[in-house]
Undergrad: 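One structure is given below, represented as structure tokens, and several questions about it will come after.
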Amino acid sequence: MKDKFYITTPIYYPSGRYHIGTAYTEVLADSIKRYHALKGENTYMLTGSDEHGQKIQEKAKEAEKTPKQYVDEMAAMAKELWAKMEIQYDDYIQTTEERHEKIVQKIFDRFMEQGDIYKGEYEGWYCVPCETYFTQTQLVEGKCPDCGREVKRMKEESYFFNMKKYADKLLTYYEEHPDFIKPAFRKNEMINNFIKPGLEDLCVTRTSFDWGIKVLKDPKHVVYVWLDALTNYITALGYLSEDDTLFKQYWPADLQVVGKDIARFHLIYWPIFLMALDLPLPKTILVHNWIMMKDGKMSKSKGNVIYPETLMERYGVDATRYFLLKAVPVAQDGLFTPEEFVERYNFDLCNDLSNLLNRTVSMVNKYFEGNVPSYCGIPNEVDEEFETFTNEQIEKFEQKMEEYEIANALQEIWVLVARTNKYIDETMPWVLAREDGDEEKLASCMYHLIENLRKIAILIKPFMNDTAENIFRQIGIEKQELKTWQFIKEYNKMEDTKVIQKGEPIFMRLKAEDEIEYIKNVMKN
Ligand code: MSP
């Protein structure tokens, strides 16, 4: 077990409402954080917004606001959404805060003094929305390779960071730290596409707009977005500030979660900046794939955007979080379709999980007046096999979580849910309850079902906190320790447990056609 766990998400551009794709990054990181907290680690999660640059300046102008007013309102909106999605971040950084800006200036000066940053002239193909220059060969059919829009030929005096100087050191670091990049194929992508062809120096200032952090010694320049944005992960902890307690406590990050589109910046430039600052690198950078729609990327113009609020308001936070995590297997893109959403809801959450709870609670009421029988050892082979299977599933879940294979970890929980449902069919409690049945076996069967529901509730807690608490409540688990990871494999701890008198379904079956129609309609509007 690690004693601390510092996890970061990217800081988001405040350019509009966040769709389920952006929400995915946040839910993924939050679930990983909650899992580590469940294991007793001292966790700290950082998120925030990336508020400088020409595009934001233009957006603010459109909205007839000052840039600062605009970004503050957007940050408030983001915080509201994250609260609704039950994201437990510990700090929210805005790059327009003084605590960030001052340190970026210090870092810039240090790079200048060290000779890592030099003045030059930049000329290239510039994509305004992406705020990125591209070389001729990087363009796709003459357009921006990231967003497909028109690019402009531009030239300006700029400062550059000497990336080439660190290329070999970075390659060696990759080789010596196999856990640094997950999934591993992203490492080869970086090496083959960017490092081997020759790393280009990175332009780190602009003179063409002024909504940015001023370079102190040359104030017509503002720090260009990536040097500004990436350093948030350390400025938020108080790096180089008067109080750097958090920095000392939490850096290096244990996990930095980023989407595939910003992999290059996090896997190449970020480690190089850290090397130049002589700081340790994060232990792992996890690159996740995207949620796609049938017709490609989500976009307003295609009318295929889906917002998290739409799903949460009708189906609840937990079902929304579950779907997002299940849909993207991290290392591959996932698809959002209304059909798939409703199917996962009806099958996984309603049929498998909710019904298991319901059947169990009503049987314990029927056969034992709600009192959970106490553990009487392992009376037969079926129960023995069931316990072994359960323990193995918990271990498989743990392995997947440690590897950050979140969709697969959820899959392991559902294998356990399915096995627990099957246990009911195998043991046939209704036969054991007959006059000529077997009271001892019936008691053991009820005990094991409740025990597995307790374990399942612990496993799902990082992803679906309310559902887990609801299960604990219905099966009568009150003692806090029985909800902890430490006690997950324990048996024989549930004396005097009583289930509620009448079970309540945690997920009600949806009328598939109506709901598919509903989601499709909202997407159009
Ligand atoms: N501001 C930069 C990040 C700077 S980090 C120092 C940025 N912001 S963003 O708002 O455009 O994107 C934030 C995150 O949302 C990225 O990790 C991106 O991959 C993720 N996603 C955006 N659309 C997505 C999907 N459709 N699916 C999954 N994640 C998606 O980039």
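Start at 1 and go down the list; that is how both ligands and their atoms are numbered.
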Undergrad: Tell me which one of F111, F108, Y118 satisfies ring-ring contact (aromatic ring centres under 6.0 Å, His included) with Y159.
TA: F108

Undergrad: Have Y126 and R153 got a donor and an acceptor in their side chains that come within less than 3.5 Å?
TA: no

Undergrad: Check this for me - ligand 1, G259, N or O atoms closer than 3.5 angstrom, yes or no?
TA: yes

Undergrad: Just by distance, with hydrogens left out, do E402 and Y35 show a side-chain donor and acceptor under 3.5 Å apart?
TA: yes

Undergrad: In a check of ring-ring contact (aromatic ring centres under 6.0 Å, His included) between Y315 and each of Y322, F341, F323, F507, which one passes?
TA: F341

Undergrad: Which heavy atom of the protein is the closest neighbour of atom 23 (N) of ligand 1, given with residue, atom name and distance?
TA: H19 CE1, 3.5 Å

Undergrad: Is the shortest N/O to N/O distance between I291 and ligand 1 below 3.5 Å?
TA: yes

Undergrad: Of the protein's non-hydrogen atoms, which lies at the shortest distance from atom 14 (C) of ligand 1, and what is that distance?
TA: Y12 CE2, 3.6 Å

Undergrad: Is it the side chain, the backbone, both or neither of K297 that has a heavy atom closer than 4.0 Å to ligand 1?
TA: neither

Undergrad: In terms of residue, atom name and distance, what is the protein heavy atom nearest to atom 16 (C) of ligand 1?
TA: I262 CD1, 3.9 Å

Undergrad: Go through ligand 1 atom by atom and flag the ones less than 4.0 Å from a non-hydrogen atom of H266.
TA: 5 (S), 6 (C)

Undergrad: Any ring-ring contact (aromatic ring centres under 6.0 Å, His included) pairs touching residues 47-71, not counting sequence neighbours?
TA: H52-W211

Undergrad: Please identify which atoms of ligand 1 are closer than 4.0 Å to at least one heavy atom of T25.
TA: 15 (O), 17 (O), 20 (C), 29 (N)

Undergrad: Nearest 0.5 Å, what's the NZ-CH2 distance between K143 and W125?
TA: 12.5 Å

Undergrad: If you count the atoms of ligand 1 from 1 in the order shown, which ones are under 4.0 Å from a heavy atom of H288?
TA: 28 (C), 29 (N)

Undergrad: Determine, considering heavy atoms only, which of Y269, W290, Y13 sits nearest to atom 7 (C) of ligand 1.
TA: Y13

Undergrad: Which of the numbered atoms in ligand 1 are below 4.0 angstrom from a heavy atom of A229?
TA: 6 (C)

Undergrad: Cation-pi between K283 and F180: NZ/CZ under 6.0 Å from ring centre and within 45° of the ring axis?
TA: no

Undergrad: Please report whether ligand 1 has a polar contact with M298, defined as an N or O pair separated by less than 3.5 Å (distance criterion only).
TA: no

Undergrad: Decide whether an N or O pair under 3.5 Å exists between D50 and ligand 1.
TA: yes

Undergrad: What I'd like to find out is whether the side chain of F194 reaches to under 4.5 Å of the side chain of E189, using heavy atoms alone.
TA: no

Undergrad: Closer than 4.0 Å to some heavy atom of Y233 - which atoms of ligand 1 meet that?
TA: 5 (S), 6 (C)

Undergrad: Under 4.0 Å, heavy-atom basis, I'd like to know which part of F265 is in contact with ligand 1: side chain, backbone, both or neither.
TA: neither

Undergrad: Cation-pi between R264 and Y269: NZ/CZ under 6.0 Å from ring centre and within 45° of the ring axis?
TA: no

Undergrad: Is it the case that ligand 1 has an N or O less than 3.5 angstrom from some N or O of D261?
TA: yes

Undergrad: Return a yes/no value for I11: is any of its N or O atoms, backbone included, closer than 3.5 angstrom to an N or O of ligand 1?
TA: yes

Undergrad: Give the intermediate values and the outcome of side chain to side chain contact (heavy atoms under 4.5 Å, CB included) for residues E343 and L510.
TA: CA-CA 9 Å; E343 198 161 295; L510 302 174; over 6 Å; no

Undergrad: Tell me, please, whether Y518 has R314 positioned over its six-membered ring: NZ or CZ under 6.0 Å from the ring centre and within 45 degrees of its axis?
TA: yes

Undergrad: Indicate, as side chain, backbone, both or neither, the part of M292 found under 4.0 angstrom from ligand 1 when only non-hydrogen atoms are considered.
TA: neither

Undergrad: Set out, in order, the CA-CA distance, both residues' side-chain angles and the distance that settles ring-ring contact (aromatic ring centres under 6.0 Å, His included) for Y18 and Y12, then state yes or no.
TA: CA-CA 9 Å; Y18 296 156; Y12 305 92; 5.5 Å; yes

Undergrad: Within less than 4.0 angstrom of ligand 1, does W270 place any heavy atom?
TA: no

Undergrad: Identify the protein heavy atom lying closest to atom 29 (N) of ligand 1, giving its residue, its atom name and the separation to 0.1 Å.
TA: G21 O, 3.1 Å

